[in-house]
Amino acid sequence: MAERDDEEREFDLRWADGAEHKEPSARARMLAARWKENPPGPVPFRADPDHVGSGRRSSWVSTAVVLGCVAAVIVLLGYVNFQAPY
């Protein structure tokens with residue numbers, strides 16, 4: 001019975017979440033120390049409008065290339081099966 005109490009106490013996450021103070025992670029402490037001396041500059045939330053249009057064209061080109069390769073493989077396999085003797 002003592003072992004069961006230890007297991008319940010060890011894995012009781014509600015008790016851990018209810019703690020008054022939580023120590024920040026090592027990365028959070030490192031960034032806080034770095035930003036105290038040299039705060040980060042502003043970062044835009046969205047990408048620049050110049051890059052939005054160019055991404056769409058390249059996706060169409062890559063889609064066309066992939067579909068062309070698939071069609072070429074299908075034609076090649078059909079040709080090989082047509083020429084193969086039974």
Side-chain angles (χ1 to χ4, degrees):
M1 178 148 297
E3 292 176 7
R4 184 175 179 206
D5 291 338
D6 289 340
E7 288 177 5
E8 288 177 4
R9 197 174 310 133
E10 185 175 347
F11 298 109
D12 188 10
L13 296 178
R14 289 176 295 197
W15 175 81
D17 290 338
E20 292 182 22
H21 177 72
K22 293 183 181 178
E23 183 177 338
S25 67
R27 179 168 175 77
R29 291 191 306 265
M30 177 196 68
L31 290 175
R34 183 185 300 171
W35 290 346
K36 190 180 289 185
E37 297 173 7
N38 187 14
V43 177
F45 178 70
R46 298 183 185 269
D48 293 336
D50 299 340
H51 301 295
V52 173
S54 63
R56 290 184 180 167
R57 280 187 233 128
S58 65
S59 67
W60 283 107
V61 170
S62 63
T63 302
V65 168
V66 168
L67 291 177
C69 289
V70 168
V73 167
I74 291 172
V75 168
L76 179 65
L77 290 174
Y79 179 73
V80 168
N81 285 337
F82 183 73
Q83 295 294 326
Y86 288 99

Qualifying side-chain hydrogen bond (donor to acceptor under 3.5 Å, both in side chains) pairs, either residue in residues 23-32, two or more places apart:
Glu23-Arg29
Do Ile74 and Tyr79 share a hydrophobic cluster, counting only Ile, Leu, Val, Met, Phe, Trp and Tyr and linking them when any side-chain heavy atoms are less than 4.5 Å apart?
no
What's the separation between atom CG in Leu76 and atom SG in Cys69, rounded to the nearest 0.5 Å?
12.0 Å
Pairs involving residues 30-40, ordered by first then second residue, that meet salt bridge (charged side-chain N to carboxylate O under 4.0 Å, His left out) (sequence neighbours left out):
none
